[in-house]
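First the structure, in the form of structure tokens, and then the observations on it.
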Amino acid sequence: MSVGWAEGGAAPYGNASVFSAANASSDGDDSLGAADGNFYRPFSVFSVLALTLLAMLVVATFVWNLLVLVTILRVRTFHRVPHNLVASMATSDVMVAGLVMPLSLVHELNGRRWKLGRLLCQAWISFDVLCCTASIWNVTAIALDRYWSITRHLEYTLKTRKRISNVMIALTWLLSSVISLSPLFGWGETYSEERLECQVSQDPSYTIFSTFGAFYLPLCVVLFVYWKIYKAAKFRIGSRKTNTITPMAEVVQVKEAERQPQMAFTARHATVSFQTDGETWREQKERRAALMVGILIGVFVLCWIPFFLTELVIPLCSCDIPPIWKSVFLWLGYSNSFFNPLIYTAFNKNYNNAFRNLFSRQR
């Protein structure tokens, strides 16, 4: 998704990438070099460093998400919700790292010009849109699951939670497939052999449909969800107080008979207090879940909003930004696939224990 959309913004104004922008020589026209098939640029220290960092990001994203998937498959206790949502997120992210990011790196090295043919271009763009959209909606599904488990834990039983999570996973991949495959059925063109361009369909209606379906709609959902989680947590903290029951001292007289001496029992002043200042186990669990969702959403917004803002603003104002910033925003969006499993597993002790057991067995 991000590669094609980044290309869409770049196509009318030139195709220089972060590497060609850093290394382009002043003599010679870029379009002339493209026509001659000469894509070589002398590598500088900056471009070598950038290439190394991006390659490390690709490998780390693939390995980390694959490790999460292997752990979920091997540990029986993970074969239930919410781990099926995590497995779906890890699947989309490992596909981003394995199918999209390597070709995007090659695309950057070639100055954002495509020399691999129409068929591979269509496959690459389709997987790009599919995987990135699914990754974003999986984050949204996890946020919704945590919201319902915190605010409706009595009604949100294991059976209900499993059914709803399976529906959210199915809808996530269905919507992602519709957005990614629509251009293959005539909704715009993705490949230009004359200009050696490979980009998502630039049809205005498709651009609105794809950007809102892939980012702006889930963005509204996650922000609303976290606002509700924050309000629920604030309400619980405000309502927590010390409840005290203080019976008044009283005298109870018991008379055995009218002629018997009077017997009296005096109940001393007593105070019974129920302290609720400390957090219960459920409250601690909910607080950690709310913190995890907040960080997951925050990183998601920081990674993707620069890219999608430029995709929305540039066509409206007919302006452009330097090519290097287009590449930075593009790879910043990709990096969200690396942070997703890192954030989720950091707040789950079961994953940490499972990782240690997995490596200890291999030794």
Side-chain angles (χ1 to χ4, degrees), residues 1-21 30-41 51 54-55 57-58 61-62 92-136 173 176-211 213-215 307-308 310-311 314-315 323 326-327 329-331 333-334 337:
M1 167 176 50
S2 51
V3 172
W5 284 336
E7 281 304 293
Y13 308 103
N15 292 309
S17 69
V18 61
F19 301 106
S20 61
D30 187 59
S31 60
L32 180 61
D36 295 337
N38 179 21
F39 298 101
Y40 175 76
R41 297 289 187 275
L51 174 62
L54 293 181
L57 176 64
V58 174
T61 303
F62 182 83
S92 60
D93 289 336
V94 80
M95 290 174 66
V96 170
L99 300 175
V100 179
M101 294 171 73
L103 285 175
S104 182
L105 189 57
V106 173
H107 201 216
E108 291 281 353
L109 289 171
N110 285 335
R112 288 188 176 177
R113 286 177 170 80
W114 190 259
K115 297 178 64 179
L116 303 177
R118 176 183 295 273
L119 186 61
L120 190 56
C121 168
Q122 291 176 337
W124 174 50
I125 293 297
S126 297
F127 277 118
D128 187 11
V129 177
L130 171 70
C131 301
C132 292
T133 304
S135 178
I136 291 172
W173 288 97
S176 302
S177 299
V178 170
I179 295 175
S180 64
L181 298 178
S182 293
L184 299 181
F185 294 93
W187 203 351
E189 183 58 61
T190 59
Y191 178 69
S192 173
E193 187 176 0
E194 294 78 13
R195 294 180 293 179
L196 294 177
E197 287 180 353
C198 182
Q199 59 185 1
V200 165
S201 168
Q202 296 302 291
D203 187 282
S205 59
Y206 177 78
T207 300
I208 296 173
F209 168 70
S210 57
T211 53
F215 178 73
F307 171 79
F308 280 97
T310 57
E311 290 302 307
I314 288 177
K326 295 177 183 177
S327 296
F329 295 159
L330 167 66
W331 285 90
Y334 283 150
S337 294

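Values below: all heavy atoms of this structure, side chains included; hydrogens, waters and symmetry mates excluded.
Across all their heavy atoms, S135 and S337 have their closest contact at OG-OG, 4.0 Å. When every heavy atom of T61 is checked against every heavy atom of D93, the shortest pair comes out as CG2-O, 4.1 Å. The shortest heavy-atom contact between V96 and C132 is CG2-N, 4.1 Å. Considering all non-hydrogen atoms of both residues, A214 and I179 come closest at N-CD1, 4.1 Å. Considering every non-hydrogen atom in both V129 and T133, the closest pair reads O-OG1, 2.6 Å. Across all their heavy atoms, V58 and P102 have their closest contact at CG1-CG, 4.1 Å.
Formation of a donor-acceptor pair under 3.5 Å by the S176 side chain with backbone atoms of A134 is found in this model.
Here OG of S177 is found 5.0 Å from CG of L130. Values are rounded to the nearest 0.5 Å. Here the NZ-CG distance, from K115 to N110, works out to 6.5 Å after rounding to the nearest 0.5 Å. Once rounded to the nearest 0.5 Å, the distance linking CG of L57 with CH2 of W331 reads 6.5 Å. Note that the CG atom of L105 and the NE2 atom of H107 stand 11.5 Å from one another [nearest 0.5 Å]. Atom-to-atom distance recorded for L330:CG and M101:CE is 9.0 Å, nearest 0.5 angstrom.
Between W124 and W114, the two ring planes are parallel [angle under 30°; tilted spans 30° to 60°].
At a threshold of 4.5 Å between non-hydrogen side-chain atoms, the residues P183 and I125 do not count as touching. Contact annotation: the side chain of Q122 approaches that of L184 to within less than 4.5 Å [non-hydrogen atoms, C-beta and beyond].
In terms of the side-chain contact (heavy atoms from CB on, under 4.5 Å) criterion, residue partners of F62 (sequence neighbours excluded) are, by chain and number, L66, V94, A97.
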